[in-house]
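See below for the structure under consideration.
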Amino acid sequence: MAESSFPSTNPHLKVGTRDDKSSAFQKISEDEEWEVTSPTDSTFRTANSATASSSAGNDIFGGSAFNENGGIRFRRSPFGDTSGDGDEDHDDFNEHPEGARPVGALNEGFPNNYALGRRTSVSAESLNPTSAGSDSWVPPHHPKTEEQVSRLKTAVSGNFLFSHLDDDQFKTVVDALVEKPIPAKDIKVISQGDAGDYFYIVEDGHFDVYIHPSGSVQSGPDGMGTKAGTIGPGGSFGELALMYNAPRAATIVSTDPKSTLWALDRITFRRILMDSAFQRRRMYEAFLEEVPLLSSLKPYERSKIADALDAIKYSAGSSIIKEGDPGDAFYLLESGEAEALIDGVDRPVKSYKRGDYFGELALLDDQPRAASVVATTDVKVAKLGRDGFKRLLGPVEDIMRRTEYEPKPAAS
Ligand SMILES: Nc1ncnc2c1ncn2[C@@H]1O[C@@H]2COP(=O)(O)O[C@H]2[C@H]1O
């Protein structure tokens, strides 16, 4: 059964050169779920061994960090038993000293954190987020200590994909997440071109994002392509391949000596988080493209902004911002008109139409609101909270600072 409500192409994926008929990822659609092998499947490596072995850096799934010489070996999946039967030991690969881990012949050449022979592919039916509750899917439950739960809650508190979940959904996701310590710098957590199996949230540490124009990691020193960004605590990555059933769009590499990730399996991601992320991204995609302030951003950067926006309506005459208040949010005007007013000035000092923004000054300079903003017609705004503003609008800070404002009248 195909998911008709979701786009099947990943707008962030460079597919221009991906016409290699032997590629395991040439076309991955929901109907082909049974045919798609996962990076955790033993058949996967055969199809992709050239890429896997030529990958630069240490690949947490590719083996270089975890081979005989690397000294780090895991007995089983860092995600524990993802079958959801409650029999998992998610901390397993931290608990067993190197020598205590059996290394079977089957695992020859593979990092021990591979769950060899296990397919993560699932039927299209069980991936359909709209069918939640109508089938036998049981969300995975990975027991956690109180300390882990508290760290996890802090880690996801700033993540916008979590901010729209209800209590039950939030609990399901927290239960399903698995802690994944990254023990070194230069560990490749995701390789561009691979199939997607997990979505990751960063608790601590930083991860660089590399994109190769060919669509997958190549051999040689520049095989990962160019750096496209860095993701830090509270950020997340790995959603695109799961949302679009597409190959990984980028390579993600650890940059700190120690970091901590939380991993969410593909099905729980699709069942619980994806619906709202998709709707938000689709809802704002066209609008954000039209916003002049954001025109220099890459589509992926606009998608991340879309995740963080909240739609709010104001009726004509109501105030959106009050002069002198502390600033907690930034606004994009999606429809209608508004104007800025300053105490002591008898005319509007600025007027706003669709695509304009306001509310940035108080956040940029940690100052009280410099003016009031009042809706002159019924309006709809897209609101971005302070954290999102700081995290996502850094690249356009200079543009915002260039806006000229009328000075406040001198106090009489
Ligand atoms: N500029 C970017 N383009 C594409 N993906 C990016 C970019 N920056 C960060 N990413 C993340 O890198 C991840 C690689 O795996 P996915 O394609 O599943 O999801 C991707 C995004 O979460």
Side-chain angles (χ1 to χ4, degrees), residues 11-12 155-165 201-202 229-237 239 273 276-314 318-323 325-340 350-375 378-403 405:
H12 309 291
V156 301
S157 64
N159 193 288
F160 310 113
L161 291 179
F162 288 74
S163 56
H164 304 100
L165 301 181
I201 296 140
V202 182
T230 298
I231 302 163
S236 56
F237 57 83
E239 79 288 7
L273 288 188
S276 71
F278 244 126
Q279 279 169 18
R280 210 163 283 275
R281 287 187 181 190
R282 292 183 84 188
M283 183 166 80
Y284 285 119
E285 211 168 23
F287 169 59
L288 294 186
E289 258 177 46
E290 273 178 47
V291 174
L293 173 71
L294 308 179
S295 63
S296 61
L297 297 182
K298 304 206 175 71
Y300 187 71
E301 292 172 313
R302 286 196 289 266
S303 296
K304 299 298 272 185
I305 294 172
D307 289 343
L309 293 175
D310 283 313
I312 305 183
K313 288 180 174 165
Y314 291 89
S318 52
S319 39
I320 305 168
I321 282 180
K322 287 204 179 76
E323 185 179 349
D325 278 0
D328 60 349
F330 163 87
Y331 299 85
L332 294 165
L333 187 57
E334 213 183 326
S335 66
E337 288 175 10
E339 56 193 24
K350 209 158 187 73
S351 54
Y352 301 105
K353 58 180 185 335
R354 177 176 164 88
D356 290 342
Y357 65 90
F358 51 84
E360 81 291 8
L361 281 184
L363 300 183
L364 285 172
D365 298 327
D366 282 325
Q367 295 286 321
R369 296 295 193 191
S372 296
V373 176
V374 175
D378 287 353
V379 304
K380 191 170 164 207
V381 294
K383 179 177 172 183
L384 182 65
R386 172 188 287 273
D387 287 352
F389 177 85
K390 300 262 180 208
R391 188 176 313 156
L392 301 166
L393 292 189
V396 294
E397 179 177 341
D398 284 351
I399 303 175
M400 289 190 280
R401 286 193 185 279
R402 267 183 245 144
T403 306
Y405 288 102

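Computed from a prediction, not measured in an experiment: that's the story for all the values here.
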Using only atom types and a distance under 3.5 Å, with no angle test, would you say the side chain of [X] pairs donor to acceptor with the backbone of [Y]?
X: Asp310; Y: Lys383; answer: no
X: Lys390; Y: Leu363; answer: yes
X: Ser303; Y: Pro299; answer: yes

Could you pull out the closest heavy-atom pair between [X] and [Y], with the gap in Å?
X: Ser319; Y: Tyr314; answer: O-CE2, 3.9 Å
X: Asn159; Y: Ser236; answer: ND2-OG, 3.1 Å
X: Ala338; Y: Leu333; answer: N-CD2, 4.1 Å
X: Glu334; Y: Ala382; answer: OE1-CB, 4.3 Å

Looking at residues at least two apart in the chain, or sitting in another chain, which of them share a side-chain hydrogen bond (donor to acceptor under 3.5 Å, both in side chains) with [X]?
X: Gln367; answer: none
X: Glu360; answer: Tyr405
X: Asp366; answer: Arg386

Just so I know, are the side chains of [X] and [Y] near enough to count as touching, which here means a heavy-atom distance under 4.5 Å?
X: Arg401; Y: Leu361; answer: no
X: Val381; Y: Leu332; answer: no
X: Glu337; Y: Val379; answer: no
X: His164; Y: Arg280; answer: yes
X: Ile399; Y: Ser296; answer: yes

Is any side-chain N of the basic residue among [X] and [Y] closer than 4.0 Å to the acidic one's carboxylate O?
X: Lys353; Y: Asp356; result: yes
X: Glu239; Y: Arg281; result: yes
X: Glu285; Y: Arg302; result: no

Apply side-chain contact (heavy atoms from CB on, under 4.5 Å) to the pair Lys350 and Glu339, showing each step before the final yes or no.
-> CA-CA 6 Å; Lys350 209 158 187 73; Glu339 56 193 24; over 6 Å; no
Can you tell me how far [atom2] of [Y] sits from [atom1] of [X], rounded to the nearest 0.5 angstrom?
X: Ser318; Y: Ile320; atom1: OG; atom2: CD1; value: 6.5 Å
X: Leu384; Y: Leu393; atom1: CG; atom2: CG; value: 5.5 Å
X: Phe287; Y: Lys380; atom1: CZ; atom2: NZ; value: 9.0 Å

Among all residues two or more places apart in sequence or in another chain, which pass the side-chain contact (heavy atoms from CB on, under 4.5 Å) test with Arg369?
->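 With neighbours one apart ignored, the set is Ile321, Asp325, Asp328, Tyr331, Ala362.
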Candidate pair Phe160 and Leu392, rule side-chain contact (heavy atoms from CB on, under 4.5 Å), full reasoning | CA-CA 11 Å; Phe160 310 113; Leu392 301 166; 3.9 Å; yes
Tell me, please, which residues at least two apart from Phe237 pass ring-ring contact (aromatic ring centres under 6.0 Å, His included).
->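 So Phe237 forms a ring-ring contact (aromatic ring centres under 6.0 Å, His included) with Tyr200, Phe207.
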Applying ring-ring contact (aromatic ring centres under 6.0 Å, His included), name anything that partners Phe330, two or more places apart in sequence or on another chain.
->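 Listed in chain order: Tyr357, Phe389.
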Decide yes or no on side-chain contact (heavy atoms from CB on, under 4.5 Å) for Leu309 and Leu288, but give the supporting numbers first.
-> CA-CA 11 Å; Leu309 293 175; Leu288 294 186; 3.9 Å; yes
Counting heavy atoms not belonging to Lys298, are there more than 12 under 6.0 Å from its NZ?
->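 No.
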